[in-house]
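Report on the following structure.
We're numbering straight along the sequence, starting at 1.
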Amino acid sequence: MPRQVTPLAAVLLAPNPGPMTLDGTNTWLLRAPGHASAVVVDPGPDLPEHLDAIAATGPIALILLTHGHSDHSAGAATLHRRTGAPVRALDPAHRLGDEGLAAGDVVARPGLELRVLPTPGHTADSLSFLLTGADTDAAVLTGDTILGRGSTVVAHPDGRLGDYLDSLRLLRELGETTVLPGHGPELPAAGAAARHYLAHRHARLEQVRAALAAMGVEPARADAAEVVRRVYTDTDRALWPAAEFSVRAQLAYLRDHPTLP
């Protein structure tokens, strides 16, 4: 059964827990009180029991994707076939219907609006959605840009750290807006979450710089796996392969930004 999180947003947890997905993918069901049809954000993996649970919540008018990673998007085509609801995404490869999504777009449904925020960095196609409705506080659906716990991967080379830092600065401006993440529990304030993420990223960059100095190599010549072994000692080794993607993004960033801000 969905868990109601805000007056406009309920969540269904997909049964795909793991080191990268935490408890599983959060599928968000957006529906204004008194209205039957819902907007689904990130239908998750193509698992029949999960898609059955989504369909059982009532009519689905629209499917939106925060980004194209399969744990968020793989079920979209099946849900589209079952419901006829169009799938809108930034990447044309994931669209099913006539319309895509772009920064600044406003998706309006009875009783609610979603403003599309460009938040690349985790992936090039990552979006967030600022959810508003009458007499309700705003919330922001962040996909994998901000998680409910832990930190996210900058999926180099598609994801770029400079873009990710800019996206966090954008979300920081949302202040007390509730965060509805792609994995993990909701968070009370986007501004605080984004500040925490920014501090973490800058601390990691300093650690990587120190590791490079100890190794006596420039970013362009560094072995990413060796940097992970030196820097990510506080991280479960099961996550080291994912951390290597982030390290590659950090090394690329340091090549372009030899002096950190």
Between Asp23 and Arg149, is there a side-chain N and carboxylate O pair less than 4.0 Å apart? yes
Under 3.5 Å, is there a donor on one side chain and an acceptor on the other for His69 and Thr123? no
Among Val5, Val11, Val179, whose side chain to side chain contact (heavy atoms under 4.5 Å, CB included) with Glu186 holds? Val5
Mark yes when over 12 heavy atoms from residues, nucleotides or ligands other than Arg160 sit less than 6.0 Å from its CZ; otherwise mark no. no
Thr145 and side chain to side chain contact (heavy atoms under 4.5 Å, CB included): which partner among Thr119, Leu127, Thr152? Thr119
Indicate if Leu147 and Val41 have the same hydrophobic cluster label, given that clusters are the connected sets of ILVMFWY residues with side-chain heavy-atom separations under 4.5 angstrom. no
So do the side chains of Pro118 and Ser167 get within less than 4.5 Å of each other, counting heavy atoms only? no
Side chains of Asn16 and His50 only: does a donor on one sit below 3.5 Å from an acceptor on the other? no
Where do Pro45 and Ala74 come nearest, in terms of heavy atoms and distance? CA-CB, 4.2 Å
Check the pair Arg169 / Glu173 against salt bridge (charged side-chain N to carboxylate O under 4.0 Å, His left out), numbers first and verdict last. CA-CA 7 Å; Arg169 294 182 188 109; Glu173 299 306 309; over 6 Å; no
Side chains of Asp91 and Leu65 in contact at under 4.5 Å (non-hydrogen atoms): no
Any donor and acceptor pair, going by atom type alone, linking the side chain of Arg95 with main-chain N or O of Arg88 inside 3.5 Å? no
Give a yes or no on whether His35 atom NE2 has more than 12 heavy-atom contacts from other residues, nucleotides or ligands under 6.0 Å away. yes
Arg230/Glu226 salt bridge by N-O under 4.0 Å criterion: yes
Measure the shortest side-chain to side-chain distance between Pro181 and Trp28 over non-hydrogen atoms and say whether it is less than 4.5 angstrom. yes
Nearest 0.5 Å, please: how far is CD1 in Ile60 from CZ in Arg31? 8.0 Å
Between the main-chain N or O of Tyr253 and the side-chain N or O of His257, is there a donor-acceptor pair closer than 3.5 Å? yes
Is the number of heavy atoms from other residues, nucleotides or ligands under 6.0 Å of Asp166 CG greater than 12? yes
Side chains of Leu161 and Leu205, heavy atoms from C-beta outward: is any pair under 4.5 Å? yes
Single-linkage hydrophobic cluster, 4.5 Å side-chain cutoff, Val107 and Leu30 together: yes
Gap between atom OG1 of Thr83 and atom CD1 of Ile63 - 0.5 Å precision: 4.5 Å
To the closest 0.5 Å, what do you measure between CG (Asp223) and CG (Leu212)? 11.0 Å
Distance, nearest 0.5 Å, that separates CG of Leu171 from OG1 of Thr177: 9.5 Å
Is it true that the side chains of His183 and Asp71 contain a donor and an acceptor less than 3.5 Å apart? yes
Tightest non-hydrogen contact, residues Thr136 and Pro7, listed as CG2-CB, 3.8 Å
Under a 4.0 Å threshold between the charged nitrogen and the carboxylate oxygen, would Asp234 count as salt-bridged to Arg204? yes
Non-hydrogen side-chain atoms of Leu13 and Arg3 separated by less than 4.5 Å: no
For the pair Leu180 and Asn26, evaluate side chain to side chain contact (heavy atoms under 4.5 Å, CB included) and give the outcome as yes or no after the intermediate values. CA-CA 9 Å; Leu180 308 178; Asn26 291 332; over 6 Å; no
Indicate yes or no for a side-chain donor-acceptor contact from Ser246 to the backbone of Val154 under 3.5 Å, with no hydrogens or angles considered. yes
Kindly indicate whether the side chain of Glu99, heavy atoms from C-beta on, has any atom under 4.5 Å from the side chain of Pro86. no
When rounded to the nearest 0.5 angstrom, what distance separates CG in Leu165 from CG in Leu170? 12.5 Å
Taking the side chain as C-beta and beyond, is there a heavy-atom pair between Asp52 and Arg82 under 4.5 Å? yes
For residues Leu130 and Leu101: do they belong to one hydrophobic cluster (side chain heavy atoms under 4.5 Å, members Ile, Leu, Val, Met, Phe, Trp, Tyr)? no
Donor-acceptor pair, distance only, cut-off 3.5 Å: does the side chain of Arg115 make one with the backbone of Phe129? no
Mark yes or no for whether Trp240, through its side chain, and Val228, through its backbone, hold a donor-acceptor pair below 3.5 Å. no
Please check this pair: side chain of Asp158 against backbone of Ala155, looking for a donor-acceptor N/O pair closer than 3.5 Å. no
Short question: side chain of Thr27, backbone of Asp42 - any donor-acceptor pair under 3.5 Å? yes
Neighbour count >12 (heavy atoms, 6.0 Å) for atom CD, Glu176: no
Could you tell me whether Asp98 atom CG has more than 12 heavy atoms of other residues or ligands within 6.0 Å of it? no
State whether the number of non-hydrogen atoms from other residues, nucleotides or ligands found under 6.0 Å of Arg255 atom CZ is greater than 12. yes
Judged by atom type as modelled, is there a donor-acceptor pair below 3.5 Å linking the side chain of Thr57 to the main-chain atoms of Ile54? yes
Does the side chain of Leu187 reach to within under 4.5 Å of the side chain of Thr178, using non-hydrogen atoms? no
Using a 6.0 Å distance limit plus a 45 degree cone around the ring axis, check whether Arg172 lies over the aromatic ring of Tyr197. no
